[in-house]
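Here is the structure we will look at.
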Amino acid sequence: MSDTAGGRDWQSHPPYLFADYRSTALRAPTRPLIPIKHCLSEMTGPVYGHEAVAPLDADLTRNARRNGEPLGERIIVTGRVLDEEGRPVRDTLIEVWQANAAGRYVHLTDRHDAPLDPNFLGAGRCVTDEKGRYRFYTIKPGAYPWANHANAWRPLHIHFSLLGPSIAARLVTQMYFPGDPLLAYDPIYLGAPEGARERLVSRFDLAMTEPDFALGYVFDMVLRGRGETPFESRV
Ligand SMILES: [Fe+2]
């Protein structure tokens, strides 16, 4: 397979099949992909209404409150969406989802024996501004076990989806936290090529913290080029 087979830069993105990440064996294509040219409908058709996004949607510490504050360490996650020239990409709908501080998702199939938090849903969204910036308030997610292999634990992570101007322009990735010892054992993180996977790790930035309130982490996402972010979905 060439470095750009299927129009994808395999120096940056994880392969469809990565033996240590077991479920990729079930979903990886077994034959070469057939490129299908995007039609006008995919390029210009209806996309999620960016105007429906409200400021509270970007605050996961408040957007699902019922009777109090969510438990855990409050953090700010912020950064920019950039193109290959480092130019900001505005009006990108960013959606995030994550486990709560105990490592539990609000999802029917999550059977991890850890408590749900009645004040934390773990989902949020916002739209990048004219400088490509986004900003979320949330709770630092906990690690959780998964059935990939014996004693498998996911490192702390937040899932990201980016939606551009058309329904065909969706990218999905995960953001990690610096210094997490579980990164060295995680086949999803290790599935991204060496030299690229480090771009998935956010950077702690004291300047981004809010004194007496929340710590700040910076995670920029680059859509293409030498510094592109590894994406799980096709570019
Ligand atoms: Fe996850």
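Whatever order the structure lists them in is the order used to number ligands and atoms, beginning at 1. Numbers for residues simply follow the sequence, beginning at 1.
With the Fe ion (ligand 1) as vertex, H157 NE2 and Y105 OH subtend 100°, rounded to 10°.
Y144 lies close to the Fe ion (ligand 1), since one of its N, O or S atoms is found at a distance under 2.8 Å. The Fe ion (ligand 1) has no N, O or S atom of Q98 closer than 2.8 Å.
Side-chain contact between E84 and V222 is absent, with no heavy-atom pair separated by less than 4.5 Å. P178 places a side-chain heavy atom less than 4.5 Å from the side chain of S202.
Counting only distance, with no hydrogens or angles, the side chain of T24 and the backbone of Y21 share a donor-acceptor pair below 3.5 Å.
No side-chain donor from either of T128 and R80 sits under 3.5 Å from a side-chain acceptor of the other.
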